[in-house]
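Order of appearance sets the numbers: ligands from 1, and atoms from 1 within every ligand.
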Amino acid sequence: MWRKGNRQTGAVTQPLWSAVDDYWITKLHAPDDALDAATADSAAGGLPPIAVTAPMGKFLHLLARAAGARRILEIGTLGGYSTIWLARALPSDGEVVTCEIDPHHAEVAAANFVRAGVDKLIDLRVGPARDTLAILDGPFDFAFIDADKASGADYFRSCVQLVRPGGVIIVDNVVRAGTILDPGSADEAVIGTWRLADAIAAEPRVDATVMQTVGGKRHDGFVMAVVQ
Ligand code: SAH
Ligand code: DHB
Ligand code: MG
């Protein structure tokens with residue numbers, strides 16, 4: 001059963017989770033100056049350190065590649081770390097449309113795209129994702145939802161419209177160190193996750209599951225949905 005004290009588990013084992021991430025990164029990831037620089041310039045620009053981890057970024061990249069994705073939708077750019085991973089999964093005529101509300105985040109991301117040599121593949125839309133989604137035309141092959149957690153259910157419903165049958169939708173941060181099981185939570189990200197879960201459960205056009213993760217970013221997880 002969930003107990004409030006379970007949240008402490010993360011604090012005790014985080015160094016181990018990060019060390020295991022580091023072990024596998026050393027084995028499986030090539031050195032990557034463009035991604036390291038994107039991380040460094042995001043920090044220098046005062047952006048919060050909430051990008052996906054390197055293994056999660058590469059996981060998104062491999063999943064998009066395996067799906068043969070040519071058109072990818074991302075909601076929540078930040079400094080473009082996950083966007084660069086996704087852009088690298090594309091053929092030379094592919095496209096990532098990525099939505100970011102904060103002009104400063106978008107400016108840092110745009111510079112990171114140029115340095116990584118992927119700017120021609122990326123259409124960065126600055127403004128509330130809700131407004132961008134309302135004017136976007138599908139179909140997309142793959143979508144990654146990673147913006148304000150209170151709106152996750154709305155973004156999910158938009159992605160079901162925009163992603164083609166057989167396409168994939170990933171939603172980040174759906175476990176939140178287990179705090180989603182706190183029935184009295186007033187955290188808007190937790191309440192947003194409940195709304196998201198209800199929206200997915202009520203959507204007959206997708207088949208979905210959750211994958212919990214630990215690693216450099218403690219205990220969290222993502223939903224994977226395939227549009228039928
Ligand atoms: N996907 C990124 C991390 C995104 S962090 C990565 O892994 O590298 C979440 C981002 O969503 C932040 O930059 C935040 O400014 C943006 N965001 C928050 N609310 C938004 C909204 N309503 N529309 C678009 N972007 C939003
Ligand atoms: C936060 C947002 C994220 O997308 C994430 O992966 C981790 C944390 C946040 O807003 O705190
Ligand atoms: Mg996230």
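Close contacts of ligand 1 with His105, meaning ligand atoms under 4.0 Å from a residue heavy atom, involve 12 (C), 13 (O), 15 (O). Close approach of ligand 1 to Pro128 (heavy-atom distance below 4.0 Å) involves ligand atoms 23 (N). Listed by number with element, the atoms of ligand 1 under 4.0 Å from a non-hydrogen atom of Ala51 are 6 (C), 7 (O), 8 (O).
Taking 4.0 Å as the cut-off between side-chain N and carboxylate O, Asp123 and Lys120 do not count as a salt-bridged pair. Using a 4.0 Å cut-off between charged nitrogen and carboxylate oxygen, Arg176 and Asp220 do not count as a salt-bridge pair. Between Arg195 and Asp154 a salt bridge is recorded (basic side-chain N to carboxylate O distance below 4.0 Å). Salt bridge Lys217/Asp21: absent, no basic N to carboxylate O contact under 4.0 Å.
In this structure, the protein non-hydrogen atom closest to atom 15 (O) of ligand 1 is Glu100 OE2, 2.6 Å. For atom 3 (C) of ligand 1, the nearest non-hydrogen atom of the protein is Asp146 OD2, 3.3 Å. For atom 19 (N) of ligand 1, the closest non-hydrogen atom on the protein side is Asp148 OD1, 3.3 Å. Looking from atom 5 (S) of ligand 1 to the surrounding protein, the closest heavy atom is Ile50 CD1, 3.6 Å. Ranking protein heavy atoms by distance to atom 23 (N) of ligand 1, first place goes to Ala129 N, 2.8 Å. The single protein non-hydrogen atom nearest to atom 7 (O) of ligand 1 is Val52 N, 2.9 Å, given as residue, atom name and distance. The nearest heavy-atom contact from the protein to atom 25 (N) of ligand 1 is Ile101 N, 3.2 Å. Of the protein's non-hydrogen atoms, Ser82 OG, 3.0 Å is the one closest to atom 6 (C) of ligand 1.
Residues Ile75 and Asp146 have side chains not in contact (no heavy-atom distance under 4.5 Å, counting atoms from C-beta outward). Side-chain contact check for Val174 versus Ile180: every heavy-atom pair is 4.5 Å or farther apart. A heavy-atom distance below 4.5 Å is not found between the side chains of Met224 and Ile169. No side-chain heavy atom of Ile145 sits under 4.5 Å from any side-chain heavy atom of Asp172. Residues Phe142 and Leu86 are in side-chain contact: their nearest non-hydrogen atoms beyond the backbone lie under 4.5 Å apart. Residues Lys149 and Leu196 are not in side-chain contact: their nearest non-hydrogen atoms beyond the backbone lie 4.5 Å or more apart.
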**Request:** Would you please test Asp32 and Arg88 for salt bridge (charged side-chain N to carboxylate O under 4.0 Å, His left out) and show each step?
**Result:** CA-CA 12 Å; Asp32 200 315; Arg88 289 174 173 177; 2.6 Å; yes

Can you list, pair by pair, the side-chain donor-acceptor contacts under 3.5 Å of residues 55-63, counting residues two or more places apart and other chains?
| unit_1 | atom_1 | unit_2 | atom_2 | d |
| --- | --- | --- | --- | --- |
| Lys58 | NZ | Leu28 | O | 3.0 |
| His61 | ND1 | Trp85 | O | 3.0 |
| His61 | NE2 | Arg65 | NH1 | 3.1 |

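Closest approach of Arg71 to Gly138, counting heavy atoms only: NH1-C, 3.6 Å. For the pair Ile25 and Ala54, the tightest heavy-atom approach, listed with the atom from each and the gap, is CD1-CB, 4.0 Å.
For ligand 1, the polar-atom distance check against Gly76 finds a nitrogen or oxygen pair separated by under 3.5 Å.
A heavy-atom separation below 4.0 Å is found between Tyr155 and ligand 1.
One side chain, Asp148 or Ser151, offers a donor N or O that lies under 3.5 Å from an acceptor on the other.
Shown here are the side chain to side chain donor-acceptor pair (under 3.5 Å) partners of Arg70, two or more places apart in sequence or in another chain: Asp93.
Contacts with ligand 1 closer than 4.0 Å are made by backbone heavy atoms (N, CA, C, O) of Thr77 only, the side chain lying farther away.
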For ligand 2, find each of its N or O atoms that sits under 3.5 Å from a protein N or O atom, and tabulate the pairs with distances to one decimal place.
| unit_1 | atom_1 | unit_2 | atom_2 | d |
| --- | --- | --- | --- | --- |
| ligand 2 | 4 (O) | Asp146 | OD1 | 2.7 |
| ligand 2 | 4 (O) | Lys149 | NZ | 3.1 |
| ligand 2 | 4 (O) | Asn173 | OD1 | 2.8 |
| ligand 2 | 6 (O) | Ile50 | O | 3.3 |
| ligand 2 | 6 (O) | Asp172 | OD2 | 3.3 |
| ligand 2 | 6 (O) | Asn173 | OD1 | 2.9 |
| ligand 2 | 6 (O) | Asn173 | ND2 | 2.8 |
| ligand 2 | 6 (O) | Lys217 | NZ | 2.5 |

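Listed by chain and number, the protein atoms of type N/O/S under 2.8 Å from the Mg ion (ligand 3) are Asp146 OD1, Asp172 OD2, Asn173 OD1; waters are omitted.
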